[in-house]
Amino acid sequence: MKAVIRGKIISISTHLKKENIQKRKYLEDKLLKLQHEHSVTMNDSIKSDMVKFKKELDDLNMVEVQKKIIFNKQQYCDVGGKSLKLLSYKLRKQQAERTIHKIRNPLDGQLETEEEKIQQCFQNYYRKLYSQTHVDNNQEVNTFLSKLELPTVTEEQNKLLVSTITSEEIHSAIKRLKGGKMAGSDGFGPEWYKIMQDHLTPTLQKTFNWVMKGKIVPPSWKEAIISIIKKEGKDNLNCSNYRPISVLNIDYKLFTSIISKRLETILPGLIHNDQTGFIKHRQTQDNIRKVLHIMNQVHRQKIETLVLSLDAEKAFDSVRWSFLYQVLERFGFDKSIINTISGLYDKPTAKIKINGDLTESFILERGTRQGCCLSPLLFALFIEPLSQWIRQRRDIIGIRTIGGEQKLALFADDLLLVMSHPNLVLPKLMKILSDFGLYSGYKVNVNKTQVLTVNYDPPAEIKNCYKWEWEADSIRYLGVVIHRDPNEMFEANYAPLNIAIKSDIQRWNAIPFLDLHSRIESVKLNILPRFLYLFQSLPVPVPSKQFVEWDKMLSKYIWKGKKARVKYKTLQLKKEKGGCGLPCLREYFCAAQLRPLICLCCPDYTAGWKNVEGETVKTMPIKAIIADTKLQSKINLADEPISQVMISAWNEAIRICGLENASKLLRWCAYDSDFLPNQHDDRFKKWISKGLTNYYSFVHKGTFQCFETLKRKHDLCADDFFRFLQVRNYFNKELKVHLHNLRFVETFILLTKSKPGKTISRLYDAILRCKKDSTDYIKVKWEKEASLTISEDDWGHICKIPWTTTRSKVWREFCWKNIIRFFITPKQKRYQGRGFTCWRCGRDDANHFHIFWDCQTIQQYWSQIHNHLQNIFTANFPLTFECIFLCNIPVDKLNHNDQKLLFILLAGSKKALTRKWLKREPPTTDDWINVVKEIYVLERLSFSINVQRDTFYKIWSKWTEYVKPVVSDFS
């Protein structure tokens, strides 16, 4: 089917291309012949024919140029300057780096510069990398695996894995496909599957279930195209310093996506929480936090410790399939699912893509397949026996904590080990790693191993045996620098980040066409993630002056070093409040530091650091002190610096939100410093085990529950009635008034009752909603200039409209600029020592209201626009500034599509004004129609690309019918 469709597409495209080429050739030949005749005869009629054919040829060329220009405009309008400017700049740089001009031959070390020899070098390297020598050690592997205390898959879980694939699963898998990705060897990309999913699903379902039943995959599933990308900071002359990225057929990806979705629900019960890579509900930061807790304890107890960060040689590419299948069997996976996986790995082939050309195909004999959804999950199962072996070996001594002995932390193949008594443990550990490598193919790259010694001076024999950098003050683990001295953690991590961001900003400033929103987008997409990763990973306090410096740096970048036209705090507001969503780094830091607190309060969330960190500080629950600053002052948190940062972040968030009193609802009645009965009665502490902790736990649906209800729910006895009265009396006097004004506190409570998901963004949004910053000062200016009164609800509606006007970010930005008073008026120029009269009518003190509405010269223009709008929608709109310019129009009688069109037309009317900026003549309705025509063309193209042309015509139908008699090319 795919072959036929692809053939048809190629046939049609080729036919159209041939027609175009033939027509062009005919015109060129005819023109050349006429030119020759004219040079001989000098006949005027021939000259006129020449002009005619030349015009046809020019028109043909112009059509092609216009197509490309329109497509470029559509992309720019849809996603703004970020797409075509910043991103293309970055891609051009990457493309130049990806071109390989020379390579060192892995066989003889000679530099090769010829294209064919470069290809041969890479083919030989990867052929060897993915080759597997025959090893007959199945019995030894089975003996090894049988000694490990590994969990097993239940019968119900196996039934889920081997059950028939449903059409709903296929639809979900297609929905998860990311657009814009390269197609596999069959040439069909994700977009084709999304468009054709209703037609494809029955065939895909038959195919997938046939594979599940027969354990044989279609030949095209075994093909892969490997693109290579240079590793940053590595020698680009070595084949090993390029990262292979495989492109597989979408059919194969959909099948493995379905299997991986089934498997990911099982893995948390099979894989120990020491492993955080690719396991659902586990994050990179979990391991970093655990390691930092261990380091803190090592320092406090002065334990002789060695921290070892291991680097495996091509870990994913070295997986021995026979060992993997035996591991799956040991975990208790059904034979059927193991055979299905072995079918996927039955003699797969690959070609290497070098400088746009493909090498010959070769067979893969080991390694998890790059680009396969199953690969990371299979690798987590593959590496688990090693971690379990280390955990259960008593002679591998870790660090004893309140949560048990801690030895290791893994993120996929990144293995970090913490051991005490290093002189005894290290040789045994290295023997374990060597033996595991013989079984599995896993091999440690000794040369890249990092070590960090704490309270430990290795003897000469250890240093001579292991040639590592023993004097290092820090190691890098999962993108974070772990320093021997905890006081150096901030400088070790944030100083390099500051340098890198300043360097990027300096480079981006050299790009002259990055506009305001492109710069804001670059902060969101490039700068914020780097800050946020450290905010999440490092429980280290950040000085207030550092946030001020970061804000100044970003503000200077956003405004290109010029004076800001909009307040920085206004830019940080949410779009629906009149801002641009520029990140607030201080609030993001608070939200990131509060995520662990959410996890501590959520009983369903499991992580290794929770066992190490514990739930108490000085024999008191951490959750009991977060809302009680008096208790915090009584407890010395110096010995718990990580918990201290978390509690400080809570206090800062509460201060920003102004909820110091409302947060008291989270105090525990057993420990509340203001609740006097708990100082003489320990019975309140026994309520904790019954589920009565903070005052909010006594509340249900906004009401303090009666004693009988609490007695039934929490197993209280009759003797508790008087204590209940004490708590209720205190609640009614001190806390009840705050029950319906929780805001941020309510978000915090809701997050603790479910497994964390998008925790940081939800906390961040809750903090922003509580902040008092707003665009009301802009509303006041409009009200003063236009002599009107705008209600709070109406202003909220006005602020939302710009971001829903069109699909185009460029037009949304323009509409926002009008509302926010972005454009510089003559009145503002007066303060700069320049002219301040209206360039149209010469009036003094021309402000925003005058320039955009009140100028007598443009009154007729707005009157005509108003008449056209009433005729188009057959509705009456008041001809007022608030209605027409601020778009606060009563649109209840208009349907959704008409509302969209109305706001687009109003945006066009304002654009016609700004295009006549500093010109005496006012805009005309023809100018307006031309602007709307531009929007129309680009919107139609955008909707067509997204296969939504029907929706487009529903929105624009009234406009096209109205304007068609005037403008012939609207259709």
Side-chain angles (χ1 to χ4, degrees), residues 94-135 181-187 217-250 252-253 256 311-322 324 342 344-372 374-375 378-379 413 441-443 445 447-448:
Q94 284 184 348
Q95 188 63 40
E97 289 178 349
R98 288 183 185 179
T99 303
I100 302 171
H101 302 287
K102 54 185 175 181
I103 203 73
R104 185 174 289 112
N105 195 318
L107 300 178
D108 56 19
Q110 297 294 319
L111 284 180
E112 304 291 355
T113 56
E114 295 181 16
E115 190 70 29
E116 291 183 4
K117 290 186 177 180
I118 291 174
Q119 291 183 9
Q120 192 62 46
C121 288
F122 277 102
Q123 186 173 9
N124 292 338
Y125 172 78
Y126 282 105
R127 192 191 297 273
K128 182 180 179 181
L129 175 64
Y130 292 118
S131 64
Q132 177 66 62
T133 55
H134 179 69
V135 180
K181 298 295 182 180
M182 184 176 175
S185 58
D186 59 8
V217 302
S220 64
W221 288 20
K222 298 183 179 183
E223 300 171 352
I225 299 172
I226 299 177
S227 297
I228 54 174
I229 300 175
K230 179 183 175 294
K231 294 181 181 179
E232 190 175 351
K234 302 288 184 180
D235 181 9
N236 58 2
L237 295 179
N238 294 331
C239 296
S240 60
N241 291 333
Y242 289 82
R243 182 175 287 107
I245 304 295
S246 292
V247 178
L248 304 169
N249 274 1
I250 304 296
Y252 175 89
K253 286 187 176 182
T256 55
D311 182 82
E313 291 185 5
K314 304 291 183 183
F316 282 81
D317 299 323
S318 303
V319 172
R320 188 173 292 159
W321 296 339
S322 58
L324 174 62
S342 65
L344 297 175
Y345 283 85
D346 183 23
K347 297 180 180 178
T349 62
K351 297 178 180 179
I352 314 294
K353 190 175 184 180
I354 310 290
N355 297 340
D357 293 329
L358 295 174
T359 66
E360 294 179 0
S361 180
F362 59 92
I363 295 176
L364 309 178
E365 297 175 350
R366 65 172 181 171
T368 55
R369 299 189 72 182
Q370 294 273 354
C372 170
L374 268 176
S375 292
L378 293 176
F379 187 85
D413 62 320
Y442 180 89
K443 185 179 179 182
N445 190 337
N447 296 327
K448 294 184 179 180

**Student:** As an exercise, state the distance from CD of E114 to SG of C121, rounded to the nearest 0.5 Å.
**Tutor:** 10.5 Å
**Student:** Any donor-acceptor pair under 3.5 Å linking the side chain of T359 with the backbone of I352?
**Tutor:** yes
**Student:** Are the side chain of W321 and the backbone of E365 linked by a donor-acceptor contact shorter than 3.5 Å?
**Tutor:** no
**Student:** For a 4.5 angstrom cut-off between non-hydrogen side-chain atoms, does T113 reach I118?
**Tutor:**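 Of all side-chain heavy-atom pairs linking I118 with T113, none is under 4.5 Å.
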**Student:** Taking the inter-plane angle between the rings of F379 and F316 on a 0 to 90° scale, is it parallel (under 30°), tilted (30 to 60°) or perpendicular (over 60°)?
**Tutor:**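 Rings of F379 and F316: parallel, as their planes differ by under 30°.
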**Student:** Would you call Y442 and S318 a side-chain contact if the rule is heavy atoms closer than 4.5 Å?
**Tutor:**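 SC-SC contact between Y442 and S318 ruled out.
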**Student:** Just so I know, are the side chains of Y345 and T368 near enough to count as touching, which here means a heavy-atom distance under 4.5 Å?
**Tutor:**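 Yes, their side chains come closer than 4.5 Å.
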**Student:** Kindly say whether Q110 contributes a backbone atom to a donor-acceptor pair with the side chain of N105 at under 3.5 angstrom?
**Tutor:**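 Not a single qualifying donor-acceptor pair exists.
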**Student:** Hey, what do you get for NZ (K351) to CG (D357), rounding to the nearest 0.5 Å?
**Tutor:** 12.0 Å
**Student:** Roughly how far apart are D235 CG and K231 NZ, rounded to 0.5 Å?
**Tutor:** 12.5 Å
**Student:** Do side-chain atoms of K314 reach the backbone of S240 as a donor and acceptor pair under 3.5 angstrom?
**Tutor:**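 At least one qualifying donor-acceptor pair exists.
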**Student:** Please say which of N236, L237, I228 ends up in a side-chain contact (heavy atoms from CB on, under 4.5 Å) with I100.
**Tutor:**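 Of all the options given, the one that passes is I228.
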**Student:** To the nearest 0.5 Å, what is the distance between CD1 on I226 and CD1 on I229?
**Tutor:**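 Here the interatomic distance stands at 12.5 Å.
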**Student:** Could you check whether atom NZ of K128 has more than 12 heavy atoms from other residues, nucleotides or ligands sitting under 6.0 Å from it?
**Tutor:**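 Open: at most 12 neighbouring heavy atoms sit under 6.0 Å from NZ of K128.
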**Student:** For the side chain of D346 and the backbone of S342, is there at least one donor-acceptor N/O pair under 3.5 Å apart?
**Tutor:**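 No; zero donor-acceptor contacts below 3.5 Å.
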**Student:** Taking all atoms of both residues into account, what is the closest heavy-atom pair of C239 and Y126, and its distance?
**Tutor:**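 Where C239 meets Y126 most closely, the heavy atoms are O-OH, 4.2 Å.
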**Student:** What pair of heavy atoms forms the shortest contact from I103 to Y242, and how long is it?
**Tutor:** CD1-CE1, 3.8 Å
**Student:** So, does Q123 use its side chain to make a donor-acceptor pair with the main chain of E360 at under 3.5 Å?
**Tutor:**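 Confirmed, Q123 side chain pairs with E360 backbone.
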**Student:** CZ/R104 to CD/E112 distance, rounded to the nearest 0.5 angstrom?
**Tutor:** 11.0 Å
**Student:** Between V247 and A183, which heavy-atom pair has the shortest distance, and what is it?
**Tutor:** CG1-O, 3.2 Å
**Student:** Taking S220's backbone N and O only, do any of them form a donor-acceptor pair with N249's side chain (distance below 3.5 Å, no angle check)?
**Tutor:** yes
**Student:** Find the distance between CD (Q120) and CD1 (I354) and round it off to the nearest 0.5 Å.
**Tutor:**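 One finds 11.0 Å between CD of Q120 and CD1 of I354.
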**Student:** For side-chain hydrogen bond (donor to acceptor under 3.5 Å, both in side chains), just list the numbers for S185 and E223, CA-CA rounded to whole Å, side-chain angles, deciding distance to a tenth of an Å, and then say yes or no.
**Tutor:** CA-CA 7 Å; S185 58; E223 300 171 352; 2.6 Å; yes
**Student:** Does some side-chain heavy atom of L129 sit less than 4.5 Å from a side-chain heavy atom of R366?
**Tutor:** yes
**Student:** Ignoring hydrogens and geometry, is there a side-chain-to-backbone donor-acceptor pair from T256 to K253 under 3.5 Å?
**Tutor:**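 Indeed, once roles are kept as given, a pair shorter than 3.5 Å links the two residues.
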**Student:** Determine yes or no for a side-chain-to-main-chain donor-acceptor pair under 3.5 angstrom, with R369 supplying the side chain and L248 the backbone.
**Tutor:** no
**Student:** Given 3.5 Å as the limit, does a donor-acceptor pair link the side chain of S227 with the main chain of K353, or not?
**Tutor:**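 Not confirmed, S227 side chain does not pair with K353 backbone.
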**Student:** Ring-plane angle category for Y130 and F362, please: parallel below 30°, perpendicular beyond 60°, tilted otherwise.
**Tutor:**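 Y130 and F362: parallel rings.
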